[in-house]
Amino acid sequence: MGLLTIIRKNRQKEKEMRILFLGLDNAGKTTILKKLNGEDITGISPTLGFNIKTFVHGRYTLNVWDVGGQRTLRPYWRNYFEQTDAIVWVVDSGDRMRMKDCKEELHSLLLEDRLAGASLLIFANKQDIPGTMSTAEIREALDLSSIKSHQWRILSCSAMTGHNLVEGLDWVVEDVAGRLYYSATDTLYQGLQAAPISMIRTD
């Protein structure tokens with residue numbers, strides 16, 4: 001089997017991503033996931049453990065873990081960190097009283113070794129409700145500018161209307177793919193293109 005064949009086979013396998021949806025309780029994590037998946041979003045109850053959603057987005061299969069955000073469940077978040085490619089941190093933009101708690105939980109999360117380098121999307125949810133904090137206010141409240149360990153982006157969104165949900169997922173998928181998949185295989189492929197014919201075996 002030639003090296004080019006191996007590269008092509010690896011590219012076929014490299015089409016799955018593991019995404020972790022986290023945030024305080026009542027932020028709207030489950031509603032966002034159901035909206036993205038075209039499911040009914042009426043009558044959603046708090047997540048008392050975790051939900052797993054698997055769906056295709058573009059060229060990739062996303063394995064999404066939606067974990068409950070109640071204070072009693074947060075110590076168990078670490079059980080879901082293994083092999084995480086991206087974190088989607090969902091914020092209730094109207095929950096001003098718990099913004100400090102939200103900031104502390106997020107920054108504590110980013111210290112975890114198993115999440116090192118994972119792409120980070122912050123969804124400022126519930127923007128369809130009047131009087132909520134703007135993305136600029138949330139960026140400051142969460143001290144996002146201090147985050148240097150992860151590639152991050154903040155987007156306003158609404159789980160109810162669907163505003164910016166697909167755009168956010170697009171960014172996550174593109175960032176993970178660019179970091180994990182394109183660089184290694186494309187660099188090798190480009191190196192093969194530049195290599196003398198005698199160096200490339202196809203038998």
Side-chain angles (χ1 to χ4, degrees), residues 17-37 39-55 62-116 118-135 137-144 146-147 149-150 152-165 168-169 172:
M17 297 180 183
R18 179 183 166 98
I19 301 174
L20 194 56
F21 266 61
L22 292 174
L24 304 188
D25 52 297
N26 199 42
K29 300 180 292 296
T30 303
T31 309
I32 288 175
L33 272 177
K34 285 183 175 292
K35 187 72 172 180
L36 281 168
N37 211 28
E39 298 178 41
D40 181 20
I41 59 172
T42 59
I44 295 176
S45 56
T47 302
L48 300 177
F50 65 90
N51 297 310
I52 304 174
K53 297 283 185 185
T54 299
F55 54 90
L62 309 184
N63 298 309
V64 182
W65 293 69
D66 163 29
V67 186
Q70 291 89 344
R71 186 177 294 276
T72 54
L73 295 177
R74 295 175 206 167
Y76 300 100
W77 281 355
R78 62 178 58 92
N79 295 334
Y80 305 94
F81 291 167
E82 208 67 44
Q83 297 181 330
T84 294
D85 297 313
I87 306 161
V88 177
W89 184 258
V90 183
V91 180
D92 179 346
S93 301
D95 193 358
R96 299 172 185 269
M97 297 295 291
R98 293 199 299 168
M99 207 55 67
K100 181 181 178 182
D101 190 16
C102 186
K103 170 190 170 183
E104 291 173 353
E105 292 289 359
L106 173 61
H107 284 266
S108 175
L109 193 70
L110 299 180
L111 296 175
E112 294 284 344
D113 289 341
R114 284 176 293 169
L115 297 177
S119 304
L120 171 64
L121 173 68
I122 300 95
F123 261 147
N125 190 27
K126 305 189 182 181
Q127 291 291 320
D128 54 305
I129 301 175
T132 55
M133 297 173 68
S134 67
T135 52
E137 290 176 308
I138 293 172
R139 183 186 293 112
E140 183 176 349
L142 299 185
D143 193 19
L144 297 183
S146 70
I147 299 175
S149 56
H150 296 69
W152 62 269
R153 184 181 182 186
I154 182 171
L155 271 180
S156 63
C157 78
S158 167
M160 300 305 293
T161 68
H163 174 65
N164 267 348
L165 298 187
L169 204 58
V172 166

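Checking side-chain atoms of Q127 against main-chain N and O of M133 turns up a donor-acceptor pair under 3.5 Å. With hydrogens and angles ignored, the 3.5 Å screen pairs a side-chain donor or acceptor of R114 with a backbone N or O of R78. Here the side chain of N37 pairs no donor or acceptor atom with the backbone of E39 at under 3.5 angstrom. Side chain of H107 to backbone of L142: a donor-acceptor contact under 3.5 angstrom is found. Side chain of S158 to main chain of K126: no donor-acceptor pair is present (N/O by atom type, distance under 3.5 Å, no hydrogens or angles). Panel note: side chain N51, backbone D66; no donor-acceptor pair is recorded below 3.5 Å. Looking at N63, its side chain never comes within 3.5 Å of a backbone N or O of R18 through a donor-acceptor pair.
Atoms CD1 and CH2, from I19 and W65 in turn, are 13.5 Å apart once rounded to the nearest 0.5 Å. The distance from atom CG of L73 to atom CG of L24, rounded to the nearest 0.5 Å, is 12.0 Å. Note: N125 CG to H163 NE2 = 10.5 Å, rounded to the nearest 0.5 Å. Interatomic distance, F123 CZ to L169 CG, rounded to the nearest 0.5 Å: 7.0 Å. Note that the CG atom of D128 and the OG atom of S156 stand 10.5 Å from one another [nearest 0.5 Å]. Here the OG1 atom belonging to T135 is positioned 8.5 Å from the CG atom belonging to L155, to the nearest 0.5 angstrom.
Applying side chain to side chain contact (heavy atoms under 4.5 Å, CB included) to F21 and the options T30, I32, V67 leaves one that passes, I32.
A salt bridge is defined here as a Lys NZ or Arg NE, NH1 or NH2 lying under 4.0 Å from an Asp or Glu carboxylate O, and D25 with R74 meets this definition. Salt bridge D92/R98: absent, no basic N to carboxylate O contact under 4.0 Å.
Residues W89 and L109 are in side-chain contact: their nearest non-hydrogen atoms beyond the backbone lie under 4.5 Å apart. Looking only at side-chain heavy atoms (C-beta outward), L144 and L106 come within less than 4.5 Å of each other. V172 is not listed as a side-chain neighbour of M17, based on a closest heavy-atom distance of 4.5 Å or more.
Between A124 and S93, the shortest heavy-atom distance links the atoms C-OG, 3.2 Å. When all heavy atoms of A27 and V90 are compared, the closest pair comes out as CB-O, 3.3 Å. When all heavy atoms are compared, the tightest approach of T84 to F81 is OG1-O, 2.9 Å. Taking each heavy atom of T31 and M160 in turn, the nearest pair found is CG2-SD, 4.2 Å. Residues K34 and D40 come closest through the heavy atom pair CD-O, 3.7 Å. Nearest heavy-atom pair, D101 versus R71, reported as atom, atom and distance to 0.1 Å: OD2-NH2, 3.0 Å.
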- Message: Please determine whether side chain to side chain contact (heavy atoms under 4.5 Å, CB included) holds for the pair E105 and W77, giving the CA-CA distance in whole Å, both sets of side-chain angles, and the decisive distance to 0.1 Å.
- Response: CA-CA 11 Å; E105 292 289 359; W77 281 355; 4.1 Å; yes

- For side chain to side chain contact (heavy atoms under 4.5 Å, CB included), just list the numbers for L115 and I87, CA-CA rounded to whole Å, side-chain angles, deciding distance to a tenth of an Å, and then say yes or no. CA-CA 8 Å; L115 297 177; I87 306 161; 3.9 Å; yes

- Derivation and outcome, side chain to side chain contact (heavy atoms under 4.5 Å, CB included), residues F55 and L33: CA-CA 10 Å; F55 54 90; L33 272 177; 4.2 Å; yes

- Message: M99 vs K103, test: side chain to side chain contact (heavy atoms under 4.5 Å, CB included). Steps then yes/no.
- Response: CA-CA 6 Å; M99 207 55 67; K103 170 190 170 183; over 6 Å; no

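Annotation: E140, atom CD; neighbour count of heavy atoms from other residues, nucleotides and ligands within 6.0 Å does not exceed 12.
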